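So the structure is just underneath, and the comments pick up after that.
All ligand and atom numbering here is 1-based and tracks the order in the structure. Model, not experiment: these values are computed from the prediction. Side chains included, hydrogens not; waters and symmetry mates left out as well; all remaining heavy atoms used.
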Amino acid sequence: MSEVKLVELLLTAEIYNRFNELSEDDIPKEMRKLFYGKSGISRPLPVKQDIVLKYVGKFDNLIKKLPFIDFNTFTKQLKLTSLEIATKWFAQRGVELIQNNPVLAYYYENYDSLGVSYQEAKKRNKPKYSDREWLKSIIAELEKDEETAEMLGLVRVFSPEDIKIEFSDVVLDEEQLEEIRKIEVAIEEREFLRQVGLIDIGKLLFIGPPGTGKTTTARALSKRFNLPLVEVKLSMITSQYLGETSKNIEKVFEIARKLNPCILFIDEFDYVAKTRTSDEHAAVKRAVNTLLKSIDEINLVDDGVVLIAATNHPSLLDPAVWRRFDKIVEFPEPTELIRKRIFELSLFRVPGKFNIDELAKITDGFTGAEIKLVVREAVLKALARGDKEVTQDDLIEAIEGVKHRFRLRASY
Ligand SMILES: Nc1ncnc2c1ncn2[C@@H]1O[C@H](COP(=O)(O)OP(=O)(O)OP(=O)(O)O)[C@@H](O)[C@H]1O
Ligand SMILES: [Mg+2]
């Protein structure tokens with residue numbers, strides 16, 4: 001098996017180096033990750049001893065058995081001495097690997113009767129923009145510009161690989177899922193949308209009270225769509241020197257454009273996009289105008305950027321802002337059914353026997369964040385008692401505790 005993987009690696013490198021029409025996206029993700037350097041992946045791909053070790057898991061004695069491989073002890077580089085022999089050797093042993101390796105599928109597509117398809121292999125392989133190493137190399141490039149580097153300090157950039165939350169960990173209702181599905185197909189069908197002239201697509205506004213999952217959903221979408229996430233809180237880039245704010249907004253959009261395809265997530269959107277009142281400083285108005293203009297000038301079809309903005313004060317938003325989003329996604333207080341599902345998910349790995357229907361029933365008005373808080377409290381309560389099993393009573397008491405917080409808040 002090790003020999004098969006070694007030959008896969010060498011063949012992939014050799015074929016990739018020969019055919020310029022193959023792109024980095026065609027190299028299998030796990031293999032591609034080994035070739036990232038400071039400025040991305042270079043062509044030709046150098047297969048060195050350390051790369052073999054990482055990909056195959058061992059090196060010693062491997063090449064002795066394979067007469068068509070040459071190892072240069074000085075450069076530590078490996079090469080195929082005969083592509084033809086290697087091709088034949090591999091066709092008898094590695095069909096499954098070829099099916100999942102677009103570079104090889106491309107080469108083998110018309111080879112005898114292997115029946116592999118380049119398009120199919122490509123569909124199964126994740127593109128390079130989902131690699132954390134790709135993102136790192138792009139950011140390193142951007143940081144060479146001093147102003148951009150400064151801006152990068154104010155935004156958070158995540159690779160989908162580094163997002164902890166899974167899409168399946170977020171409980172969403174049918175309407176929310178429907179909007180997400182539409183964005184998903186829009187991403188896949190960008191070319192078609194361009195052809196039919198529908199370019200103003202891919203701008204979502206998440207509205208709803210605190211703790212209903214807006215930020216969590218934006219992050220989970222990065223994972224689900226396999227797109228890097230640029231996350232910025234508008235309060236973070238609003239400078240006391242108001243002239244700076246406009247410039248910062250422009251920079252954020254510029255970064256998103258450079259990282260495309262990606263999701264640009266603007267949190268605390270109302271911080272700038274509030275209705276403009278007549279007595280406000282001219283610079284505030286300018287910042288709002290810059291924001292509107294930036295939103296106008298970016299779109300999924302041309303720029304590869306999905307824009308998501310979130311606010312829990314939608315009523316403060318300028319009407320001109322509303323108009324610019326093609327989708328408004330509501331994050332309401334969860335219904336009993338949604339609360340039930342959030343309890344189910346949160347208690348999934350917690351030992352104990354619970355009546356989740358009852359919990360969902362008595363938590364009217366609780367958000368997802370508060371349900372998580374209840375579970376955390378109940379687990380701590382049990383642990384403090386020296387118990388790893390949580391009881392229904394622990395949960396009910398924790399619920400009462402949160403209700404007490406509600407009353408406290410209301411009384412001030
Ligand atoms: N529908 C949900 N499904 C799963 N978890 C949820 C849901 N809603 C909220 N949560 C949990 O509640 C916590 C807070 O959620 P999140 O930060 O996404 O809320 P938000 O809507 O962005 O709030 P804010 O408006 O205050 O920024 C997270 O830990 C999240 O996992
Ligand atoms: Mg949030």
Return yes or no for this condition: an N or O of [X] is under 3.5 Å from an N or O of ligand 1.
X: Ile338; answer: no
X: Ile342; answer: no
X: Asp267; answer: no

Q. Are Phe90 and Tyr111 an aromatic pair by the rule of ring centers under 6.0 Å?
A.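 No: the rings miss the under 6.0 Å criterion.
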Q) Are Phe343 and Phe354 close enough that their ring centers fall under 6.0 Å? A) no
For ligand 1, the portion of [X] having any non-hydrogen atom under 4.0 Å away:
X: Val171; answer: both
X: Lys214; answer: both
X: Thr212; answer: both

Q: Would you check, one step at a time, whether the test ring pair (Phe, Tyr, Trp, His ring centres under 6.0 Å) holds for Phe158 with Phe265?
A: CA-CA 11 Å; Phe158 297 93; Phe265 175 49; 9.8 Å; no
Q) Nearest heavy atom to atom 9 (C) of ligand 1: which of Ala310, Gly211, Pro210 does it belong to? A)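 Looking at heavy atoms only, the winner is Gly211.
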Q: Can you figure out which of Arg219, Arg376, Lys372 has its heavy atom closest to atom 31 (O) of ligand 1?
A: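 Result: the heavy atom closest to atom 31 (O) of ligand 1 is in Lys372.
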Q) Backbone N or O of Gly208 within a donor-acceptor pair of the Lys214 side chain at under 3.5 Å? A)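 Answer holds: yes.
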Q.
Distance to the ring centre below 6.0 angstrom and angle to the axis at most 45 degrees; does that hold for Arg93 and Trp89?
A.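 Yes, Arg93 lies over the aromatic ring of Trp89.
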Q.
A cation-pi test, strictly: NZ or CZ of Arg43 under 6.0 Å from the centre of the six-membered ring of Tyr16 and no more than 45 degrees from its axis. Yes or no?
A.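 The answer is yes; both the distance and angle limits are met.
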Q: Please work out whether the ring planes of Phe206 and Phe331 are parallel, tilted or perpendicular, with thresholds of 30° and 60°.
A: tilted
Q) How close does the nearest protein non-hydrogen atom get to atom 16 (P) of ligand 1, and which residue and atom is it? A)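 The closest one turns out to be Thr216 OG1, 3.3 Å.
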Q | side chain to side chain contact (heavy atoms under 4.5 Å, CB included) partners for Ile201, two or more places apart | A | Ala186, Leu193, Leu198, Leu300, Asp326
**Q.** the Mg ion (ligand 2): protein N, O or S atoms that are less than 2.8 Å away, sorted by chain
**A.** Thr215 OG1
Q) Who passes ring-ring contact (aromatic ring centres under 6.0 Å, His included) against Tyr55, sequence neighbours left out? A)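 Listed in chain order: nothing, the list is empty.
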Q. Quick one: does Thr367 get within less than 4.0 Å of ligand 1, heavy atoms only?
A.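 Checking ligand 1 against Thr367, which is what was asked, there is no heavy-atom contact under 4.0 Å.
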Which side-chain N or O atoms in residues 254-261 pair as donor and acceptor under 3.5 Å with protein atoms at least two apart or in another chain?
from	atom 1	to	atom 2	distance (Å)
Glu254	OE2	Lys258	NZ	3.1
Arg257	NE	Asp303	OD1	3.2
Arg257	NH2	Glu297	O	3.1
Asn260	ND2	Arg257	O	3.0

